[in-house]
Amino acid sequence: MTAQDTADAVPELPATLWRDPEPKRGYDVVIVGGGGHGLATAYYLARNHGITDVAVVDKGWLAGGNMARNTTIIRSNYLLDASAGIYEHAMKLWEGLADDLDCPILFSQRGVLNLAHSPQDVREGVRRVNANRLNGIDAEWLDPRQALEICPILNISPDVRYPVLGATYQPRAGIARHDYVAWGFARAADRLGVDLIQDCEVTGIEVDSGRVTGVSTTRGLLTARKVALCAAGHSSVLAEMAGLRLPVQSHPLQALVSELLEPVHPTVVMSNAVHVYVSQAHKGELVMGAGIDQYNSYAQRGGLHVIQRQLAAALELFPIFARAHVLRTWGGIVDVTPDASAILGLTPIDGLYLNCGWGTGGFKATPGAGWCYADTIANGVPHPLAAPLTLERFATGALVDEHGAAAVAH
Amino acid sequence: MLIECPWCGPRDETEFHYGGQAHVSYPDDPSVLTDEQWARYLFYRDNPQGRFAERWCHGSACRRWFNAVRDTRTHQIVATYRTGESAPVT
Amino acid sequence: MDNEFRLANAGRIDRDRPIPFVFDGTEYLGYAGDTLASALLANGVHQVSRGVHSCRPRGILASGVTEPCALVQVEEPFDEPTLAATTVEVCAGLRARGLSGKGALTSRPDPARYDTMYAHADVLVVGGGPTGLLAALTAARAGARVMLLDDQSELGGDLLAETAPLEGRPPIAWVSGVCAELAGCQDVTVLPRTTAFGYYDDNYVVACERRTDHLGTAAPERTSRQRMWCIRARAVVLATGAHERSVAFSDNDRPGVMLAAAARTYLHRYGVLPGRRVVVFTTNDGAYQAAIDLAGAGVPVTALADARPEVPDDLAKACAAADIEVLAGHVVAGTRGDARISGACLAELRDGRLQGHREVDCDTVLVSGGWNPAVHLFSQAGGGLRYDSQLAAFVPARARQRVFVGGAARGAVTLADCLADGARIGAQASRTVGLSADAAPMPAVLQRTPTPSTALWLVPDPSGDYRRHYVDLARDATVADIVRATDAGLRSVEHVKRYTTVGTGHEQGKTSGVLATGVVATILGVDPAELGTTTFRPPYTPVTFAALAGTDRGALHDPVRVTALHDWHVAAGAMFENVGQWKRPWYYPRPGEDMAAAVWRECVAARRSVAMMDASTLGKIDVQGRDAAEFLDRVYTTMMSTLRVGRIRYGLMCRADGMVFDDGTVIRLADNHFLLTTTTGNAAAVLDWLEEWLQTEWPHLRVYLTSVTEHWSTVALVGPRSRTVLRRLAGDLALDNASFPFMAWRDATLAGTTARVCRISFSGELAFEINVPWRHAQRIWTELCDAGADLGITPYGTETMHVLRAEKGYPIIGQDTDGTVTPQDLGLDWAVSKKKRDFIGKRSFSRPDTARGDRKHLVGLLPVDPDLLLPEGCQLVADAELPAPPVPMLGHVTSSYRSPALGRTFALALVEAGRHRVGRRIHAVVDDRPVPVIVTDPVFYDKEGARRDG
Amino acid sequence: MTAEAASTPVRRRPADRTGSPLEGYVDRFAALAAATRGAVGVTELPAFAHLALRADPQADVGDILGGPLPPPGHVIGESPLTLGLGPDEWLVLAPDGTQTPLTRALHRVIGANGAVVDVSGQRTVVELSGPWCRTVLAKGCAIDLHPRSFTTDQCAQTLIARAQVILLARSGDPSALWLLPRASFARYVADWLLDAALEYQT
């Protein structure tokens with residue numbers, strides 16, 4: 001990457017984005033939630049399956065939830081086959097997405113380093129790299145010196161509390177501009193005939209004899225043959241309208257940005273052990289994600305102590321950041337499942353589909369999740385890549401437990 | 001947040017850890033449950049937008065578990081009460 | 001010429017303390033009390049930076065935290081990026097340069113200290129202007145614990161730039177009087193240079209105090225540079241004032257365009273003239289006083305354009321007396337000039353159109369487009385806002401926490417109203433915390449009823465060209481950019497913000513946010529109330545990463561936990577491993593030894609003679625009570641109630657999902673008294689887990705848990721000659737197999753110290769674990785060293801422990817397991833009771849996926865090449881040839897070592913249907929190449945246990 | 001690792017050592033007191049007997065402890081000194097060496113309805129003194145340490161920076177506090193205190 005890549009050369013956005021249609025009385029498919037996943041699902045329904053009688057309804061402004069609040073990291077270096085499958089599918093879509101959508105998304109494949117700070121981290125990292133490579137995902141194990149070559153501002157001194165002992169590296173990983181991604185999908189879906197309806201809150205899900213018939217909203221009743229839930233942190237609230245209980249809990253996830261800075265940080269660095277995720281965005285601001293606040297919340301805010309801890313850890317890794325400034329912090333609502341993997345598929349109610357539980361991984365999955373969800377909705381059976389992500393796994397015990405597989409005490 | 005421990009009084013949230021939904025009891029005899037019923041116990045918890053009866057543990061002090069009713073939209077704690085008691089408000 | 005714009009006698013700077021500083025390579029002179037901005041203006045430096053995209057010259061618009069364009073990089077005394085010149089105090093050794101939007105981080109290590117202070121207040125007052133001062137005084141007189149925070153170097157707020165008398169005295173005299181009284185109150189803390197930037201749940205307000213920057217190179221080393229104040233207040237008074245905003249007109253970004261109130265601040269507080277010839281443009285009463293004051297200071301005010309068709313009589317008369325021409329219904333339509341304004345274009349605004357353009361010469365345009373109450377903290381606290389059309393601004397509507405807003409922060413316009421607010425809410429706040437309070441008496445002040453302002457956001461352009469009508473100077477965003485966004489279909493101000501980047505600069509929209517709302521409303525023809533604002537989020541002003549990190553850095557980043565024997569290990573040259581927060585000896589290299597050699601030697605000592613390890617980090621929990629045995633039966637998979645007093649049993653714990661959580665030993669000390677050990681990393685989690693079940697599920701069980709992890713220090717004495725060494729210290733304690741069998745414990749006196757000795761083994765050798773209280777650990781350890789010296793007793797670390805246990809196939813929870821492994825997967829069915837009706841995890845074993853016979857099993861692996869050490873974490877596949885990805889994987893290597901006992905390498909692995917593959921050849925992928933390995937039983941050494949039982 | 005070596009305390013021969021968690025900090029604590037002219041004093045007190053007591057709050061232990069069991073957050077007695085840590089949990093501090101008789105005496109009263117555990121090695125007792133000691137502590141302690149709020153014969157379990165401690169206000173010096181960190185955290189707490197007190201050195 002050159003300094004030019006991070007210069008403030010933001011490409012011009014399209015001069016027209018989307019219509020602002022009045023809702024029709026009925027649709028083939030109503031997608032509830034106009035975030036990245038909802039918009040991508042609408043786009044792929046139209047593009048891949050020719051289903052264009054589709055409405056995406058959102059209670060506020062399009063892509064104003066987690067899509068507007070995430071740290072835009074894109075990677076596919078997941079350990080388990082089930083996760084790796086769908087995230088790598090997403091990665092391949094990311095690589096052609098700007099052309100496909102005919103819209104700049106500023107996808108910058110600057111690589112992601114996942115740091116290891118303990119022998120256990122090292123074992124976990126090596127295990128993941130080896131699994132990634134056999135799954136056809138680019139991944140390398142780096143020693144601290146090699147990590148330093150990728151990220152020259154990283155502190156690899158052995159004399160810190162938790163020294164960097166190594167890192168996994170996925171060169172194809174990177175970041176994109178979240179708003180542009182959402183707007184690219186929205187614009188492309190709009191052009192294919194999808195109605196994007198904002199300020200339209202769903203107040204009920206209409207079910208007749210076990211079959212969904214539509215949604216009632218603050219802008220009236222919309223009938224639908226199929227209803228696809230795509231509401232991230234609000235999934236439980238919506239599912240409850242249909243009498244469906246989900247194994248999902250909603251938590252605050254905070255993030256922050258600094259002021260614009262000359263390029264210093266050429267890649268993306270993640271450290272699960274000390275809860276730091278940091279990249280330098282195209283305009284020059286440092287973008288950082290924090291740990292999840294422990295309690296359930298829909299408030300889109302969390303505690304300051306989480307931010308304090310995150311910055312303390314960040315300065316251990318990057319002493320150069322000491323006098324950078326936090327300009328803005330914010331919180332999203334992440335929906336977390338017991339195994340930290342998503343739920344994507346059918347529900348016990350005919351015609352009602354479910355996509356939720358992406359936790360902190362929702363943004364990077366956007367095109368992959370949209371693709372598989374659209375396919376599942378169109379065909380009424382789970383897409384093969386989504387097949388391990390059904391609700392049934394919680395009864396059989398066949399969890400996709402990235403959390404459990406990655407992090408346990410010793 | 002400032003959380004009122006029934007034993008130690010109001011303390012900073014950092015002294016506590018969270019225990020999720022309150023009043024979920026361990027089944028009397030798990031062996032008679034279906035896999036689906038057992039999964040309900042293991043993995044399914046309420047996730048309301050609004051008041052939520054939940055468990056907290058004052059881990060950095062008296063180590064006692066207790067319950068709170070908290071609004072998940074505002075983080076306002078309406079009441080805290082001891083384990084084994086029923087929620088004073090809903 | 002130095003300070004050519006400085007007045008001889010005005011201002012609050014200290015003329016006895018001149019301070020030279022360097023800006024953009026040129027040396028200038030400022031004075032103590034100056035900001036960099038006031039000192040630059042005094043020296044006639046008006047252009048400070050350039051626009052981030054446009055590269056147009058930019059000057060100083062404001063006087064405090066709202067400054068959008070005068071950004072600087074401070075280079076000395078120490079680098080700091082992206083500071084507004086209006087917030088940098090001139091200090092000894094200051095060197096700075098102008099910035100075009102982007103700051104620079106330098107790799108020079110920051111030598112400054114940063115710390116945190118927790119504080120508690122009955123009444124916290126934010127803002128030390130007239131409202132805040134009177135509120136604080138009222139609360140203090142009521143006996144409240146008061147904290148008063150102000151972001152400036154001295155208290156007074158707008159009174160520092162006020163000339164109208166207060167109680168017949170200059171306002172600053174009144175301020176001094178209040179400050180003196182507050183200083184005399186015992187429970188009042190006044191913090192200048194302290195910006196409250198975050199308002200969190202339950203009246204938790206966080207502020208950053210800048211303690212040393214103003215001292216420059218003279219700053220004391222031991223004093224923290226910045227301090228985070230974390231304040232828990234019973235009631236909060238927000239007297240945060242209001243921010244003046246500009247109007248979008250053509251070329252409104254040139255140096256020389258300044259907010260009217262800022263000009264007044266430069267004049268009165270710093271004794272600086274903003275220019276030599278001034279035009280004023282206003283939508284409200286506020287700017288008149290600036291015009292009159294400047295005229296009074298001898299600066300010609302060419303014209304005052306008031307966008308309102310009617311101007312207030314009294315102000316018009318005052319202007320006439322000062323020889324200022326007032327143009328009602330007029331606006332500034334544009335400016336000319338290059339690095340500095342040379343003239344302005346005035347025009348009449350009638351029915352939304354401009355007419356009668358008139359060019360005037362000037363070097364300064366003062367503008368006031370109205371005032372935005374500083375509602376940031378109120379909004380962060382969950383407070384709701386409403387649009388006030390009289391003020392053309394968003395004001396506080398409904399509070400969610402115990403917070404009171406007064407003065408300009410709630411939309412008060414006159415000084416009299418601000419003072420009245422202060423007294424009123426100071427008393428209200430005091431009363432809500434249970435104090436009886438009377439409002440402090442109002443100082444006498446000139447009363448005047450203001451005339452409503454007009455909501456003018458945008459001066460129309462006859463040609464329709466809005467590419468130089470700036471809305472956000474920090475982001476170089478114009479009305480044309482906003483038009484493009486609305487043309488693209490965007491209606492929400494959040495979308496417009498994201499499309500245009502308005503409000504995302506370092507000042508976070510303080511001057512541009514509401515203006516952008518107004519401009520969007522004008523374009524779409526809707527009321528600003530319908531659009532609202534973008535969300536106010538912490539921090540109110542930028543905060544350094546280091547201030548937020550506080551003292552949790554370096555050695556104090558996370559506690560280092562050490563055992564009682566730590567100093568011995570250090571002296572013995574141990575290399576340490578982080579295990580959770582603990583430092584554990586990893587291995588003890590002798591001179592010239594690498595890790596492999598040291599571990600080999602330590603292993604040999606343990607297998608052939610005697611070795612010892614500090615095992616004190618194991619978690620230990622004392623369990624007492626008449627239901628203790630019943631309780632342990634429920635939480636361990638193993639049956640514990642049948643354990644006899646005096647004996648020890650291995651125990652395994654699962655989560656309710658059936659996955660292995662922890663393991664350890666259980667000692668039965670008495671019928672109702674047990675001692676458990678846990679793994680090092682899980683000690684706290686296990687205690688929490690047990691308490692959770694006991695307190696929330698089984699409160700009727702009489703069981704008491706007490707952590708004794710540090711109370712007992714533990715030394716593992718291992719090897720065929722361990723009994724010999726122990727005998728030398730143990731006096732008459734019988735150590736023979738019959739008297740002291742495997743999995744038994746005895747109380748003993750070792751070398752005069754009371755100890756508990758357990759005969760357990762994690763190495764497969766004859767071994768004893770000796771437990772003594774912390775303060776006796778050093779003595780018992782050195783006694784053992786001495787007693788075993790002739791036998792070559794060897795201290796060993798965690799790496800050797802791992803090799804020894806792996807040779808025996810003992811899994812390490814967290815290394816050979818992850819959170820997806822059951823006891824059956826580990827081959828530990830023998831530790832899972834079949835007799836107990838239930839225990840935590842039991843039901844999960846029979847779920848379809850958990851009951852599969854082809855799950856991943858823990859097995860041994862022997863590389864066909866006995867010298868090949870498999871990397872831990874390498875993946876296992878069936879065949880010698882790799883198919884195209886995705887390659888089906890069978891499992892992975894969890895542990896891998898060189899074994900002196902086996903004379904070769906070996907490994908443990910989790911392998912799909914592993915127990916059914918024992919004896920078969922599979923392949924480990926090493927450097928992308930499959931290498932053959934043989935699947936074996938996980939127990940490699942002394943399968944019969946003869947050595948352990950020896 | 002070098003950070004490790006730098007913090008190695010002065011080494012003494014085993015025979016000279018008390019084995020207390022902060023024995024290596026004696027010189028540093030003395031230097032702090034001198035440098036702050038007594039504004040901040042930190043001292044590790046000699047060993048006590050520490051007994052963890054679990055019992056019914058009504059248990060009749062007045063003869064042994066000098067009064068009824070105090071509620072959480074309160075302290076009774078001098079020697080022994082009893083701290084209320086929870087609804088049914090206390091910590092009893094008594095002269096070192098009295099562990100066994102005191103345990104027996106308490107056991108006789110408590111019987112099977114509670115527990116008495118010798119935890120003398122679990123924590124150490126650090127005394128903070130001097131006019132600035134509460135301010136130093138407030139840098140890492142979120143509870144209100146104002147002498148009116150946290151006063152004589154009160155105790156609290158809380159966090160100091162990143163370590164759990166028991167805090168105790170004793171009679172005598174009104175500003176002085178006892179701090180009981182767990183033994184394995186004692187050096188961290190000491191290092192943190194020394195760092196926090198740095199600005200009060202003259």
Side-chain angles (χ1 to χ4, degrees), chain A residues 59 201 203 231-241 244-252 291-309 331 333-341 343 348 356-357 390-401 403-404, chain B residues 1-5 10-24 27 30-61 65-80 87:
Chain A
K59 69 183 175 124
E201 184 170 358
T203 54
H234 288 85
S235 295
S236 301
V237 176
L238 282 162
E240 176 131 4
M241 293 177 187
L244 204 59
R245 200 162 177 242
L246 300 179
V248 162
Q249 300 280 286
S250 297
H251 292 276
I292 293 180
D293 281 81
Q294 55 179 341
Y295 45 79
N296 289 29
S297 171
Y298 289 85
Q300 293 186 326
R301 55 194 268 142
L304 180 72
H305 57 96
V306 176
I307 300 281
Q308 290 174 299
R309 195 62 196 149
I333 310 169
V334 293
D335 41 328
V336 181
T337 62
D339 61 0
S341 290
I343 302 168
C356 68
T390 60
L391 265 176
E392 288 74 34
R393 72 179 188 271
F394 297 102
T396 63
L399 302 187
V400 184
D401 199 349
H403 258 192
Chain B
M1 288 193 291
L2 190 68
I3 300 173
E4 176 96 21
C5 168
R11 294 292 184 89
D12 200 87
E13 140 191 9
T14 51
E15 294 191 0
F16 298 83
H17 59 250
Y18 187 61
Q21 186 182 355
H23 311 299
V24 178
S31 69
V32 303
L33 300 185
T34 64
D35 291 329
E36 187 63 39
Q37 288 167 328
W38 178 242
R40 295 268 148 193
Y41 166 73
L42 277 184
F43 297 129
Y44 287 70
R45 294 293 182 272
D46 291 347
N47 186 26
Q49 187 175 22
R51 287 190 178 181
F52 188 36
E54 62 193 15
R55 305 184 310 159
W56 289 88
C57 176
H58 197 186
S60 298
W65 283 87
F66 61 93
N67 298 325
V69 176
R70 188 179 56 95
D71 193 315
T72 61
R73 293 165 302 190
T74 62
H75 299 172
Q76 193 196 358
I77 294 176
V78 187
T80 58

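In this text the structure is predicted, and so the values were computed from the model without any measurement. Order of the sequence lines fixes the chain letters, A, B, ..., with proteins taken first and strands second; residue numbering starts at 1 for each chain. Any value given below was found using the heavy atoms of this structure, including those in side chains, with hydrogens, waters and symmetry copies removed.
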Cut-off 4.5 Å, heavy atoms of chain B, and the answer for A:Leu246 is backbone
Heavy atoms of A:Ala299 and B:His75 approach each other most closely as CB-NE2, 3.4 Å
Residue from B:Gln49, B:Glu36, B:Gln37 scoring the most non-hydrogen pairs under 4.5 Å with chain A is B:Gln49
field: Check against side-chain contact (heavy atoms from CB on, under 4.5 Å), B:Phe43 and A:Leu399
entry: CA-CA 11 Å; B:Phe43 297 129; A:Leu399 302 187; 3.8 Å; yes
Q.
Set out, in order, the CA-CA distance, both residues' side-chain angles and the distance that settles side-chain contact (heavy atoms from CB on, under 4.5 Å) for A:Arg245 and B:Arg40, then state yes or no.
A. CA-CA 9 Å; A:Arg245 200 162 177 242; B:Arg40 295 268 148 193; 3.9 Å; yes
Comparing B:Thr34, B:Asp12, B:Thr74, B:Thr14 against chain A, the one with the most heavy-atom pairs below 4.5 Å turns out to be B:Thr14
When the 4.5 angstrom heavy-atom criterion is applied to A:Val306 and chain B, the contacting part is neither
### Query
Just wondering, do A:Gln294 and B:Trp56 contact through their side chains at under 4.5 Å, heavy atoms?
yes
Q. Do B:Asn47 and A:Ser250 have side-chain atoms, one donor and one acceptor, less than 3.5 Å apart?
A. yes
#### Entry: Beyond-backbone contact of B:Tyr18 with A:Asn296, side-chain heavy atoms, under 4.5 angstrom
yes
Shortest non-hydrogen pair, B:Ala39 vs A:Ala395, comes out as CB-CA, 3.7 Å
Whatever's closer than 4.5 Å to a heavy atom in chain A on B:Asp46 counts as both
Margin query: Check whether A:Gln249 reaches the backbone of B:Arg45 with its side chain - one donor and one acceptor, N or O, closer than 3.5 Å.
Written below: yes
Here the pair of heavy atoms bringing A:Pro247 nearest to B:Tyr44 is CD-CE2, 3.4 Å
field: Check: A:Tyr295 and B:Glu13 side chains under 4.5 Å, non-hydrogen atoms
entry: yes
If one checks every heavy atom of B:Phe52 against chain A at 4.5 Å, the contacting part turns out to be side chain
